Amino acid sequence: MPELNPQQKAAVQYINGPLLVVAGAGTGKTTVITRKIAWLVRDYGISPRHIVTVTGTNKAARDMKSRVADLLNNPNSNELVISTFQMLGLKILRDHLDIIGYRPGFSIYDSEDSQSLLAKLLRGHSSSKSPLAGAVQRQISLWKINLVTPADAPLSAGGETIQDAAARVYGEYERYLQAYHAMDVDDLTLKPVRMFQNHPEILEEWMKRQRYLLIDDYQNTNPCQHELVRLLAGGGAVTVAGDDDQSINARFGACLDNMKQLQHEFPALKVIKLEQNYRSCGRILKAANALIGNNAHIYDKTLWCDGDYGEPLRVLKARGDDHEAERVVTELLYHKFKHNTDFRDYAILFRDNSQSSVFERVLRERRIPYYLSGGTSFFDKTEIRDVMAYLRLLCNPGDDNAFMRVINTPRREIDTATLQQLSAYAAELGTGLMQASLDAGIERRLTVRQLECLRAFTNWLKSVIERSSLEDPARLVCDMLGELHYEAWLMDTSNDLKIAQRRMENVLELVSWIQRLANQEEDDTSFNGLVARLILTGILDKGNEENPGDFVSLMSLHAARGLEFPHVFFVGLEEGLLPHQDSLTDNSLEEERRLAYVGMTRAKKTLTFSFVERRKRSGEVITCEYSRFLKEIPAEDLCWEDLEREQDSQAMLSRGEINLSSLRNMLNGN
DNA sequence: TGGGGTGATATTTTT
DNA sequence: TATCACCCCA
């Protein structure tokens with residue numbers, strides 16, 4: 001096991017009170033947390049089930065779990081709670097659902113579910129996506145994150161802004177969620193906070209379980225999460241780690257002030273800084289330090305390292321976005337060929353996702369394997385959403401969204417007239433569609449044939465629900481898929497046999513997810529709990545799946561948080577893009593600078609910037625200036641490569657020094 | 001039921 | 001300017 005440096009060691013072993021670890025990029029923050037968990041268990045004698053760790057992402061939680069398991073080699077290490085705030089919230093709520101007016105099996109709404117509900121509330125009846133519903137959903141989410149109740153939401157009389165529209169439906173939205181037996185993602189942290197505030201005895205009970213709390217990525221927490229931490233850390237048995245320079249989620253309610261607040265809320269707070277960087281070479285650090293030096297800081301720190309100084313950071317200039325992509329990909333290939341590296345060693349980072357398509361096109365043209373984060377994710381695939389909807393419905397028969405999604409998937413000849421009658425009747429009864437269809441009163445409203453089709457579906461569903469609490473979950477899902485003739489349906493609806501097979505493989509992969517989740521957790525093995533964790537995993541992991549092999553990584557700066565790559569291409573460094581246009585007027589230039597800082601500090605060995613002279617923007621081509629952030633990097637560390645320099649690598653390509661087909665053969669293992 | 005054509009409209013970032 | 005939704009037609 002590698003030695004820790006003195007600061008890291010101090011952070012691991014300090015347990016006399018609340019601790020804040022201010023950890024710069026690449027200073028071994030995750031190492032400190034994992035080692036601390038191991039230390040608490042092995043040297044301090046705390047049982048794994050009494051340690052709660054919160055991470056920024058699900059992926060980070062999984063990584064940390066496996067790292068700690070390797071470190072501990074303790075059969076009880078799977079009792080450690082290591083999860084995101086949302087998963088932790090789910091666990092906290094589990095045993096007290098009655099207190100907040102819920103039962104096991106509630107649905108968890110992703111933002112799309114919330115939006116379609118809001119669309120309905122905003123315009124009477126229409127489930128089609130409206131831009132207004134999206135904006136209202138984000139506003140309500142922000143309110144929840146900031147602990148603003150419907151009663152507190154600012155409502156100006158007769159106002160027409162999005163905020164007014166949101167304030168008008170917020171309360172109704174909450175009532176509908178309750179009626180549908182559903183929560184949105186924000187509720188998963190908000191409801192535990194409210195519950196602990198209103199029922200101190202439940203907090204006390206929880207604290208019997210939780211002896212030590214560790215929180216990672218604190219700079220990206222929002223006020224609601226901060227409040228939860230404050231409640232859970234009451235006794236001061238807490239370690240918080242974060243880096244104020246890497247806070248990049250303000251638009252989603254992340255509150256940098258949380259890190260400052262800690263000092264006031266925990267007067268005994270000890271602060272330990274980690275400044276030795278183990279990731280990047282000296283020049284990259286120096287440049288990143290210079291850049292972030294232009295921001296105000298809560299905690300001053302200067303990263304240093306004792307490794308190589310490294311090459312100058314290159315700046316590629318391109319004529320337009322396609323040219324930029326050509327240039328970057330050419331340089332990437334040239335570098336790979338010259339240094340015999342893997343594709344997975346490279347990342348292309350950009351400010352906004354719309355920049356990815358050009359790069360995708362060029363990478364595809366050159367047959368370079370790439371992996372795009374945040375693209376269509378596994379959990380967005382139609383077949384996965386279908387099966388998930390079945391699972392939701394099994395847990396919560398009142399979930400009308402799920403009901404509507406699966407009722408004719410596969411086809412059941414239930415016609416629109418039936419559905420109209422059914423939803424009208426459900427509205428009369430004040431129940432969900434499922435309950436309405438089981439009610440005797442619906443029989444008079446439908447033809448014999450219609451009723452037969454409907455009842456065939458609902459009776460079958462009832463039988464699966466009855467089995468769901470008895471059978472092994474993965475087994476149950478497989479049986480269900482068989483009864484649905486789901487594979488045959490995939491064949492029917494896919495033009496191509498290959499595609500149908502691929503879809504079936506996806507479904508089977510979902511089953512293996514279920515299997516994995518079922519094996520993972522020891523204290524909630526119920527079907528309802530399993531499905532809740534699966535749905536939440538789907539929401540949290542959206543577009544964040546593991547890079548599955550030797551692929552060039554393509555992702556937004558936000559998605560790159562927490563990752564590292566030997567070689568980084570940081571593209572689109574133009575005024576108006578990074579910093580983003582809006583940041584100039586709404587006071588978020590520092591946030592943009594942090595974003596640039598995060599991008600730069602992902603790089604271990606080489607960092608290459610690029611920008612274009614002209615970029616298409618809302619239809620018209622505009623002339624671009626390179627980003628002010630490049631000007632904030634010491635000139636001696638940058639190597640500008642204007643258009644003429646490009647000839648070099650192009651020429652090498654054409655002279656055969658880089659031979660694409662031989663490279664390809666090499667990759668194919670010939 | 002699906003596909004193709006036309007018109008309008010949006011342009012950060014995500015746990 | 002590119003995509004997306006919607007509408008119309010087959």
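Note that the structure is predicted; figures quoted are calculated from it, not measured. A note on names: the letters A, B, ... follow the listed sequences, proteins ahead of strands, and every chain is numbered from 1.
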Rounded distance in Å - [atom1] ([X]) to [atom2] ([N]):
{"X": "A:Leu190", "N": "B:dT15", "atom1": "CG", "atom2": "C1'", "value": "15 Å"}
{"X": "A:Arg593", "N": "B:dT12", "atom1": "CZ", "atom2": "P", "value": "21 Å"}
{"X": "A:Leu595", "N": "B:dT13", "atom1": "CG", "atom2": "P", "value": "11 Å"}
{"X": "A:Asp586", "N": "B:dT13", "atom1": "CG", "atom2": "C1'", "value": "12 Å"}
{"X": "A:Leu256", "N": "B:dT13", "atom1": "CG", "atom2": "C1'", "value": "16 Å"}
{"X": "A:Asp582", "N": "B:dA10", "atom1": "CG", "atom2": "P", "value": "14 Å"}
{"X": "A:Gln581", "N": "B:dT13", "atom1": "CD", "atom2": "C1'", "value": "16 Å"}
{"X": "A:Arg594", "N": "B:dT12", "atom1": "CZ", "atom2": "P", "value": "19 Å"}

Query raised in the report: Below 4.0 angstrom from OP1 or OP2 of B:dT14, is there any side-chain N or O of A:Thr57?
Result: no
Query raised in the report: Does A:Asn353 make a side-chain N or O approach to OP1 or OP2 of B:dT13 shorter than 4.0 Å?
Result: yes
Report task. Examine the side chains of A:Ser114 and A:Asp184 and answer whether a donor and an acceptor come within less than 3.5 Å of each other. Result -> no
**Report entry** Residues A:Gln246 and A:Tyr597: side-chain donor-acceptor under 3.5 angstrom
**Finding:** no
Query raised in the report: Would the number of heavy atoms belonging to other residues, nucleotides or ligands and lying under 6.0 Å from CD of A:Glu564 be above 12?
Result: yes
Query raised in the report: B:dT1, B:dT15, C:dT1: which one has an atom nearest the side-chain heavy atoms of A:Lys616?
Result: C:dT1
Report summary line: The nucleotide from B:dT15, B:dT14, B:dT1 with an atom nearest the side chain of A:Val185 is B:dT15
Requested in this report: Check the pair A:Thr623, A:Glu613 against side-chain contact (heavy atoms from CB on, under 4.5 Å), reporting the backbone distance first and the verdict last.
Outcome: CA-CA 6 Å; A:Thr623 307; A:Glu613 290 179 311; 5.8 Å; no
Query raised in the report: Between A:His580 and B:dT12, do the rings stack, that is, sit under 5.5 Å apart with planes less than 30° off each other?
Result: yes
Query raised in the report: Counting distance only, does the side-chain N/O of A:Ser247 pair as donor-acceptor with the main-chain N or O of A:Gln219 below 3.5 Å?
Result: yes
Report task. Ignoring hydrogens and angles, answer whether the base of B:dT14 and the side-chain atoms of A:Arg251 contain a donor-acceptor pair closer than 3.5 Å. Result -> no
Query raised in the report: Between B:dT14 and C:dT3, how far is it from one C1' atom to the other, in whole Å?
Result: 22 Å
